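A short worksheet on the structure shown next.
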Amino acid sequence: MRLLLVEDDVALGEGIHQALAREGYTVDWLKDGSRALHALRSEAFDLAVLDLGLPSLDGLEVLKRLRHEGSTLPVLVLTARDSTEDRISGLDAGADDYLIKPFDLNELKARLRALLRRNAGRARLRIEHAGINLDPASQQVAYNGQAVVLTPKEYQLLYELLSPPGRVMTREKLMQLLYGWNEEAESNTLEVHIHNLRKKFCSTLIRTIRGVGYLVEGQP
Ligand code: CA
């Protein structure tokens, strides 16, 4: 799960960054609105945590533009603006949820989990495909009824390829979703994970689309 955190308060941002990274998210952190809008337009994220009071472009404006362009990315808004009017304008602008500062990090984590569960299309529902049974709630995976042990990156890669199957996932997008900006990854790391998944499931599960990326066929 790759998450974009947009927060200009360094101390708060560091706290959130650490807490969410520990929770298993790949977290990228930006501190101003224009850069956030650019990143959200050009890169793949599963979720965004967006502060409203931001330098260069207000968080509300970022959200409005994003929604205007048709983005359905789940967004949780952080706001110090404790007035009903501000909360309503945040929700009207397309926020899926909001938290008022100061908040408890455990509450933020719980809200993000709920947001991911609610998010239609990428709902955290059990995925059953080609003999694979993947349960996002427990992160357990079985193949033909037998439990399969995956590393966190293998799990994430399989999850992305199966949500839903039948789409070609580009190398670039998969690398972004798995590693974000901060984690250093070797150039052949994706191939290694794909190789391991083929070994753990079956050699024909994941097709290589030469020069583009990877595909799990829609029809098993
Ligand atoms: Ca702020």
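Heads up: numbering here begins at 1 and tracks the sequence. Nothing here was measured: the structure is a model prediction, and the numbers come from that model.
Here the closest heavy-atom approach between residue Leu205 and residue Ala130 is recorded as CD1-CB, 4.4 Å. Taking each heavy atom of Val27 and Ala21 in turn, the nearest pair found is CG2-N, 3.8 Å. The two residues Leu60 and Gly90 have their closest heavy-atom pair at CD1-CA, 3.5 Å. In plain terms, the two heavy atoms of Leu57 and Ser34 that are nearest each other are CB-N, 3.7 Å. Among all heavy-atom pairs drawn from Leu112 and Leu20, the shortest one is CD1-CD2, 3.7 Å. Heavy-atom minimum distance, Ala39 versus Leu30: CB-CD1, 3.8 Å.
Judged by distance alone, the side chain of Lys109 and the main-chain N or O of Ala19 form no donor-acceptor pair under 3.5 Å. Side-chain N or O atoms of Lys153 include one that pairs as donor or acceptor with a backbone N or O of Leu178 at under 3.5 Å. The backbone N or O of Thr26 lies less than 3.5 Å from no partner atom in the side chain of Arg2, so there is not a single donor-acceptor pair. In this structure a side-chain-to-backbone donor-acceptor pair under 3.5 Å is missing from Glu160 to Leu157. At distances below 3.5 Å, at least one donor-acceptor pair connects side-chain atoms of Gln156 with backbone N or O atoms of Leu177.
Salt bridge Arg113/Glu23: present, at least one basic N to carboxylate O contact under 4.0 Å.
Here the side chains of Tyr25 and Leu47 are in contact, with some heavy-atom distance below 4.5 Å. Using a 4.5 Å heavy-atom threshold, the side chains of Trp29 and Val6 count as separate. Using a 4.5 Å cut-off on side-chain heavy atoms (C-beta onward), Leu4 and Val49 make no contact. Using a 4.5 Å cut-off on side-chain heavy atoms (C-beta onward), Asp32 and Leu54 make no contact.
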Give the intermediate values and the outcome of side chain to side chain contact (heavy atoms under 4.5 Å, CB included) for residues Ile132 and Leu158. CA-CA 10 Å; Ile132 298 171; Leu158 183 67; 4.3 Å; yes

Run the side chain to side chain donor-acceptor pair (under 3.5 Å) check on Arg198 and Thr208 step by step: do they pass? CA-CA 11 Å; Arg198 284 174 176 151; Thr208 302; 2.7 Å; yes

Assess the residue pair Ile127 and Ser163 against the criterion (side chain to side chain contact (heavy atoms under 4.5 Å, CB included)); give the C-alpha distance rounded to whole Å, side-chain angles, the decisive distance to 0.1 Å, and a yes or no. CA-CA 8 Å; Ile127 296 168; Ser163 307; 3.8 Å; yes

Does the side chain to side chain contact (heavy atoms under 4.5 Å, CB included) test come out yes or no for Val75 and Phe45, once each step is laid out? CA-CA 10 Å; Val75 176; Phe45 293 95; over 6 Å; no

Run the side chain to side chain contact (heavy atoms under 4.5 Å, CB included) test on Leu150 and Asn196 for me, step by step, so that the C-alpha distance in whole Å, both residues' side-chain angles and the decisive distance to 0.1 Å come before the verdict. CA-CA 9 Å; Leu150 299 179; Asn196 290 338; over 6 Å; no

Test salt bridge (Lys or Arg N to Asp or Glu O under 4.0 Å) applied to Glu61 and Arg65, step by step: CA-CA 6 Å; Glu61 198 51 41; Arg65 292 194 197 175; 3.4 Å; yes

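Note: Ser42 OG to Gln176 CD = 7.5 Å, rounded to the nearest 0.5 Å. Interatomic distance, Trp181 CH2 to Asp28 CG, rounded to the nearest 0.5 Å: 5.0 Å. Atom CD1 in Ile100 sits 11.0 Å away from atom CG in Leu78 (nearest 0.5 Å). To the nearest 0.5 Å, the span separating CG on Leu40 from CG on Leu66 amounts to 5.5 Å. Atoms CG and CG, on Leu105 and Leu12 in that order, are 7.5 Å from each other to the nearest 0.5 Å. To the nearest 0.5 angstrom, Glu43 atom CD is 12.0 Å from Met175 atom CE.
No chain of hydrophobic side-chain contacts below 4.5 Å, direct or via other Ile, Leu, Val, Met, Phe, Trp or Tyr residues, connects Val192 to Tyr179. Cluster annotation: Val10 and Leu3 are assigned to the same hydrophobic cluster (Ile/Leu/Val/Met/Phe/Trp/Tyr, side-chain heavy-atom contacts under 4.5 Å, transitive).
The only option from Arg167, Arg207, Glu191 that meets the side-chain hydrogen bond (donor to acceptor under 3.5 Å, both in side chains) definition with Tyr214 turns out to be Glu191. Considering Asp97, Asp96, Asn106 as possible partners of Arg111, the one that fulfils the side-chain hydrogen bond (donor to acceptor under 3.5 Å, both in side chains) test is Asp97.
In the hydrophobic clustering, Val212 connects to Val168, Ile209, Leu215, either directly or through intervening members, whenever side-chain heavy atoms lie under 4.5 Å apart.
Listed by first and then second residue, the side-chain hydrogen bond (donor to acceptor under 3.5 Å, both in side chains) pairs involving residues 4-18 are Glu7-Lys101 (not counting sequence neighbours).
Atom CD of Glu69 has more than 12 neighbouring heavy atoms from other residues, nucleotides or ligands inside a 6.0 Å radius. With a 6.0 Å radius and a threshold of 12 heavy atoms from other residues, nucleotides or ligands, Arg67 has its CZ atom above the threshold.
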